[in-house]
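Written below as structure tokens is the structure these notes are about.
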Amino acid sequence: MLKLTNTLTGSQEVFAPLDGSTVRMYTCGPTVHNHAHIGNLRTYVFEDILRRHLHSKGWALKHVMNITDIDDKIINRAIEAGQDIKTYAEPYTRAFFEDCGKLRIERPDIITPATDYIPEMIDLVQRLLDAGYAYPEGDSIYYRISRFPNYGRLSRLDRRELKIGARIDADEYEKEEPSDFVLWKAPKNEKEPHWQAPFGAGRPGWHIECSAMAMKQLGETLDIHCGGVDNIFPHHENEIAQSEAVTGKPFVRFWVHGEHLLVEGEKMAKSKGNFYTLRDLLEREYDPLAIRYLLVSVPYRKQLNFTWDGLVAAQRSLERIKEFLFRLNTARLGPGSNPQLDAEAAAAFENALDDDLNTAQALAVVFDLIRKCNTALSDAVVKEDDRKRIFRFFQNVDERLAIVPPMEAIVQGDEQIESLIANRNEARRKRDFASADLIRQQLLDRGVVIEDTREGTKWRRK
RNA sequence: GGCGCCGUACCCAAGUGGUUAAGGGAGAGGUCUGCAAAACCUUUAUGCAUCGGUUCGAAUCCGAUCGGCGCCUCCA
């Protein structure tokens with residue numbers, strides 16, 4: 001039974017799709033004007049874990065992610081570069097999915113670029129105008145939040161509590177109330193991209209795209225809507241206001257938000273010099289799997305403090321898993337079965353993830369099993385059938401968390417390496433340890449680690 | 001000012017009322033080894049920011065204090 005913390009109620013609730021079979025999930029995607037940073041990626045990794053977990057429950061999943069390919073930054077930079085916004089945004093969109101791929105984040109089922117849904121957005125704005133939830137002011141259209149009594153429910157912010165006048169955009173001074181937000185922006189000049197609409201030429205405000213795309217692809221009530229906590233207000237609050245004003249139905253059943261990542265205890269910011277993209281980390285030769293491991297090791301609802309020490313520790317943890325799989329794979333086992341070895345592991349792993357995606361607990365289950373099996377291997381009580389079962393368990397762990405080192409890195413036939421090892425063992429037999437150590441160093445230089453065990457010399461790739 | 005989250009060992013971190021407070025990293029001891037830089041095992045909090053309260057029983061609930069972080073119309 002999967003429990004998720006719903007921001008709407010602030011408490012854990014048992015999740016099941018509304019129609020009993022298909023989960024309709026929408027996750028806020030990137031604004032493609034630069035490369036994703038590790039904070040962004042933490043959120044996408046959390047959503048990926050959720051996605052994989054929902055699949056494992058036997059439900060079908062329809063997962064939609066938007067690409068925001070129109071906003072002020074994109075427009076300004078595209079104009080500077082003398083490109084149209086699609087041309088400007090395209091490489092960043094491609095880079096985003098490349099980064100996701102490196103972190104083993106699965107691709108959503110449907111990807112919706114905002115600029116492909118302009119007619120749907122125009123339609124929504126028109127319906128909000130017709131129903132009196134929106135009003136024109138100047139050449140732009142605004143949402144009248146005084147018409148929507150539930151405004152502030154998600155973020156627990158009373159309208160009166162909003163600090164008035166803190167940051168009001170220069171072109172929005174004509175609003176009826178400072179907290180009203182823009183649905184449709186009149187172009188400031190001819191260079192800005194704009195579309196014709198019955199209520200005037202312009203471009204969509206930020207929030208309307210998600211309402212339009214989510215409802216177009218998933219219907220008027222979604223099962224799950226995810227994003228980072230910073231999106232609770234105003235973005236998701238505004239989505240609710242827009243969508244529910246038009247449909248009269250609940251827009252989202254479960255709002256699930258991922259906490260932020262900090263770097264060395266501080267908010268990541270370009271001005272602080274602690275701002276990292278995935279590319280920055282890969283340039284420093286960190287393993288993408290270790291980065292994913294670090295992001296998975298802290299449950300999504302807790303702030304994650306990213307540190308270099310933490311990343312090194314994550315890499316070491318991964319090596320422990322790899323070493324165990326190597327040992328299990330190369331061990332000489334007798335026939336039979338010893339089922340109590342892993343009797344509780346699969347259920348404990350499942351329960352951990354069912355408990356609001358407690359990935360830290362799930363990893364603890366994995367390491368508990370490793371320690372138990374290592375001891376059992378030393379005592380020679382692991383049998384052939386156990387190996388198969390335990391490998392199956394790890395296969396499941398990998399399908400769910402995607403943090404298990406690939407077996408190809410562990411198991412490999414290579415005659416050249418095996419003959420070097422044979423030479424080394426011959427040297428050892430003759431007690432020519434200088435030659436033996438030389439060969440060991442040669443192998444190490446090629447990324448091959450050797451281990452002398454009671455069962456003979458074993459090797460694996462680093 | 002308003003709303004909210006958090007503080008568990010050297011570091012990361014699970015646990016949110018009931019046996020000896022998970023797990024990972026690091027350190028220390030040991031096993032194996034020609035050697036080990038590998039691997040494996042064991043070990044490391046009478047203690048859960050502090051102080052008070054509730055309770056037969058508190059890391060867990062309540063209150064206060066201290067400290068950190070977030071949101072309050074750019075934001076994952």
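Only this structure's heavy atoms are used, side chains among them; waters, hydrogens and symmetry mates stay out. On a predicted model such as this, the values are computed, not experimentally measured, just so you know.
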List, one per line, each side-chain donor-acceptor pair under 3.5 Å for residues 342-349 of chain A, sequence neighbours excluded.
| residue | atom | partner | partner atom | Å |
| --- | --- | --- | --- | --- |
| A:Asp342 | OD1 | A:Arg389 | NE | 3.2 |
| A:Asp342 | OD1 | A:Arg389 | NH2 | 2.8 |
| A:Asp342 | OD2 | A:Arg389 | NE | 3.3 |

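- For A:Thr43, the side chain to side chain contact (heavy atoms under 4.5 Å, CB included) partners two or more places apart in sequence, or in a different chain, are A:Phe46, A:Glu47.
- With hydrogens and angles ignored, a donor-acceptor pair under 3.5 angstrom links the side chain of A:Arg440 to the base of B:rC35.
- Straight-line distance between the C1' atoms of B:rG15 and B:rC48: roughly 11 Å, to the nearest whole Å.
- Ion pair A:Arg460/A:Glu319 not flagged as a salt bridge, since none of the NZ, NE, NH1 or NH2 atoms sits closer than 4.0 Å to an Asp/Glu carboxylate oxygen.
- For the pair A:Gly227 and A:Val365, nearest-nucleotide mapping onto RNA chain B gives the more 5' position to A:Val365.
- Residue side chain A:His260 fails the stacking definition with respect to B:rG70, as its ring centre and the base's six-membered ring centre are not both under 5.5 angstrom apart and under 30 degrees in plane angle.
- An OP1 or OP2 oxygen of B:rA39 is reached within less than 4.0 angstrom by no side-chain nitrogen or oxygen of A:Asn374.
- Taking the side chain as every heavy atom from C-beta outward, A:Gln12 and A:Asp355 approach each other to under 4.5 Å.
- In this structure, NZ of A:Lys458 is placed 14 Å from P of B:rA39, rounded to the nearest angstrom.
- Remark: B:rG4 base-pairs with B:rC69. Criterion, Watson-Crick or G-U wobble with two distances under 3.5 Å.
- Under the 3.5 Å distance criterion, with hydrogens and angles disregarded, a donor-acceptor pair is assigned to the side chains of A:Asn425 and A:Thr457.
- Both cation-pi conditions hold for A:Arg107 and A:Phe97: the charged atom is under 6.0 angstrom from the six-membered ring centre and inside a 45 degree cone around its axis.
- Rounding to whole angstrom units, CD of residue A:Glu259 and P of B:rC5 are separated by 11 Å.
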Going by atom type alone, with no hydrogens or angles, which donor-acceptor pairs under 3.5 Å involve a side-chain atom of residues 225-234 of chain A and a protein atom two or more places apart or on another chain?
| residue | atom | partner | partner atom | Å |
| --- | --- | --- | --- | --- |
| A:His225 | NE2 | A:Glu239 | OE1 | 2.8 |
| A:Asp230 | OD1 | A:His260 | NE2 | 2.8 |

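- Below the 3.5 angstrom threshold, one finds no donor paired with an acceptor across the side chain of A:Arg460 and the base of B:rA39.
- With both pairing distances under 3.5 Å, B:rG57 is matched to nothing as a Watson-Crick or G-U wobble pair.
- Across residues 426-435 of chain A, A:Arg428, A:Arg431, A:Phe433 each have a non-hydrogen atom less than 4.0 Å from an atom of RNA chain B (numbered order).
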Could you tabulate the donor-acceptor pairs under 3.5 Å formed by side-chain atoms of residues 303-314 of chain A, not counting sequence neighbours?
| residue | atom | partner | partner atom | Å |
| --- | --- | --- | --- | --- |
| A:Asn305 | OD1 | A:Glu264 | N | 3.2 |
| A:Asn305 | OD1 | A:Gly265 | N | 2.7 |
| A:Thr307 | OG1 | A:Gly310 | N | 2.9 |

Readout for nucleotides 7-20 of chain B: B = base within 4.0 Å of protein heavy atom, S = sugar-phosphate only, - = neither; 5' to 3' it is ------SSS-----
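- Separating the CG atom of A:Asn231 from the P atom of B:rC72 is a distance of 11 Å, rounded to the nearest angstrom.
- Scanning atom types as modelled, one donor and one acceptor separated by under 3.5 angstrom connect the side chain of A:Asp452 and the base of B:rC35.
- Between B:rC5 and A:Arg301, no contact under 4.0 Å exists linking OP1 or OP2 to a side-chain N or O.
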